[in-house]
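Structure first, commentary second.
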Protein chains: 2
Amino acid sequence: MEKTVQSIDRQLDILEMVANARQGLGVSELARATELPKSTVHRILQTLCRRHYVRQDEESGRYLLSYRFLSISAQYYASLDLRVVAAPLARELSAATGAAVHLAIQRGDQAVYIEKISPYSSTCSYSEIGKTIPLYCSSIGKVLLAALEPAIFEEYLTRADFRQFTPSTLDPEALRRQVEACRKSGLAVDDGEHEADSFCVGTGIKDFRGTTIAAMSLSSSRKELSFSPATAEALVRCAGRISQIFGYEGEIANGS
Amino acid sequence: MEKTVQSIDRQLDILEMVANARQGLGVSELARATELPKSTVHRILQTLCRRHYVRQDEESGRYLLSYRFLSISAQYYASLDLRVVAAPLARELSAATGAAVHLAIQRGDQAVYIEKISPYSSTCSYSEIGKTIPLYCSSIGKVLLAALEPAIFEEYLTRADFRQFTPSTLDPEALRRQVEACRKSGLAVDDGEHEADSFCVGTGIKDFRGTTIAAMSLSSSRKELSFSPATAEALVRCAGRISQIFGYEGEIANGS
DNA sequence: CTGTACGTTCCATATTGCGGAACATCGTTC
DNA sequence: GAACGATGTTCCGCAATATGGAACGTACAG
């Protein structure tokens, strides 16, 4: 095992514990949790206080995170470009599954494709980067709808016109049921609802606040793509890795 | 000077330099910048890599921030409540200036008051927490408009009805000029535009991304509040302190 | 008033972090 | 293709820094 700097490891242990405790932690609590002497913990906290990474609540004496974390993170967050981050992982996913991979973000009542990775064999021809698709009849759209506040989603149901693209296109009640299911499973399916021969499964990409910032899907023809657990798992894993880069820590397949 | 942990200070120096360099930094560059030996810098970076606070770009060998910063920050950011953070500072500002202090956020074409600190002597009676005011005829509204993308602001100009509350209420062209000025100065004024006897000056509160998340204003009667540089400065300083807590690092009075 | 638990400070000690030297690799120049 | 320069990485002897135990000051509960 390669040598690391013990003091830095200890400091990060302390920081992570402080971060996880919403009301902060005291020196003695941290000493017990880290199995370090109080003087060691205190010295580390003083150093972090001096640099504004941690602050001490005057009333309780407890230590909490402070603003320097956000300041540092701002620069990391500003440097993240979803397409740049996602593209290599999307290519790997496409290669591993043989399916087309799409990335989309929400703009009003549409999903806008921002990435498309398409194997040569793909029959998937509708989607193009920059093109939009209605939310109600695409797997990525349903994922984005599932991320909305319920009241906002109900408003959408009221105003969307639910134009029928294929015999499989959903009506509002069917959509509500599928969005509800997606909130629980984190997955949505488009079974020929926009293009008759197309089958897609999608999931969400989240950032550090738990906000769904994009949706990612696998697409193929109905004949080719079976909704196998392994395929869905690969999609969820890929979206999870992208979410992680954007600071998301939870399980990706719990659409809360 | 109280003793801190040198290794932690060094690590934070390195982290802050890496954060400021959008394309990352190499070991030798960091060694020169920190005046530390390369082996010292390398050891610190290895420790941060192990914990996913930093990563090394495979192609360039440079070190960049990684996702653990956002993960840690998420918990800090989630714990921030604008009203809770702002209230003590708003009370100080009101006491120092003798003026009423308001906080508002944007909801569609309205500004919603989320805080009101009012000295007993205040004649300011319209605003109440939860109440809304149109964006075009309030200082806080103009601050929020100034933060919009220009195209979104032009759309607003097209659809707002510019109802005339007082002889001083602005028309679209006058508003455009004032919003333009606010983008430069970071300050906006309401000189009797919604209530004839009221004078307000407002500025923005930003978060770690540079996003304007709220506006803050000082209000009084036209007879009482002079637009003195000292008063405006106190407002900007107060808003700056709140912005800092939300991770904003830039100068608050440059509305970019 | 006493006991307990907290955060803080001090200082002798030894462990850990230091940093110089050497190494391996890569890109550039001739 | 060889030489050079700059990079990142590794190693190890050493001493400076981090450690942690003890003591202190404070606050609160009984």
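Throughout, a chain's letter reflects where its sequence line sits, starting with A, and its residues are numbered from 1.
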How many whole angstroms separate atom [atom1] of [X] from atom [atom2] of [N]?
{"X": "I14(A)", "N": "dT19(D)", "atom1": "CD1", "atom2": "P", "result": "9 Å"}
{"X": "E59(B)", "N": "dC26(C)", "atom1": "CD", "atom2": "C1'", "result": "14 Å"}
{"X": "L36(A)", "N": "dA18(D)", "atom1": "CG", "atom2": "P", "result": "15 Å"}
{"X": "K38(B)", "N": "dC11(D)", "atom1": "NZ", "atom2": "P", "result": "16 Å"}
{"X": "L30(B)", "N": "dG8(D)", "atom1": "CG", "atom2": "C1'", "result": "12 Å"}
{"X": "I44(A)", "N": "dT8(C)", "atom1": "CD1", "atom2": "P", "result": "14 Å"}
{"X": "L25(B)", "N": "dT7(D)", "atom1": "CG", "atom2": "P", "result": "12 Å"}
{"X": "Q56(B)", "N": "dT7(D)", "atom1": "CD", "atom2": "P", "result": "14 Å"}

**Q.** Shortest non-hydrogen contact between L82(A) and A214(A), atoms and distance
**A.**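 Smallest interatomic distance, heavy atoms only, reads CD2-CB, 3.4 Å.
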
Q. What is the minimum heavy-atom distance between A99(A) and S94(A), and which atoms define it?
A.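 In this case the closest contact between A99(A) and S94(A) is O-OG, 2.7 Å.
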
Q. Among pairs that include at least one residue of residues 23-34 of chain A, which meet side-chain hydrogen bond (donor to acceptor under 3.5 Å, both in side chains), considering only residues two or more places apart or in two chains?
A. none

[X] vs [N]: side-chain N/O to OP1/OP2 distance below 4.0 Å:
{"X": "S28(B)", "N": "dG8(D)", "value": "yes"}
{"X": "T40(A)", "N": "dT19(D)", "value": "no"}
{"X": "R32(B)", "N": "dA6(D)", "value": "no"}
{"X": "Y63(B)", "N": "dT9(D)", "value": "yes"}
{"X": "R43(A)", "N": "dA18(D)", "value": "no"}
{"X": "H42(A)", "N": "dT8(C)", "value": "yes"}
{"X": "Q46(A)", "N": "dG7(C)", "value": "no"}

Q) Residues two or more places apart in sequence or in another chain: which of them pass side chain to side chain contact (heavy atoms under 4.5 Å, CB included) with R68(B)? A)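 With neighbours one apart ignored, the set is E16(A), E249(A), H52(B), Y53(B), S71(B), I72(B).
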
Q.
Categorize S39(A) for me: base, sugar-phosphate, or nothing, with a 4.0 angstrom heavy-atom threshold over every strand shown.
A. base

Q: Scan R10(A) against the nucleic acid and name what it touches under 4.0 Å (heavy atoms): base, sugar-phosphate only, or nothing.
A: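 Contact class for R10(A): sugar-phosphate only.
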
Q: Let me know, please, whether G26(A) or S7(B) comes out on the 5' side of the other along DNA chain C by nearest nucleotide.
A: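 Its nearest nucleotide being more 5', the pick is G26(A).
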
Q. Which comes earlier along DNA chain C counting from the 5' end, the contact point of V27(A) or that of I8(A), where each point is its nearest nucleotide?
A. V27(A)

Q. Salt bridge or not for R209(A) and D207(A), using N-O below 4.0 Å?
A.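 Salt bridge between R209(A) and D207(A), a charged N being under 4.0 Å from a carboxylate O: yes.
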
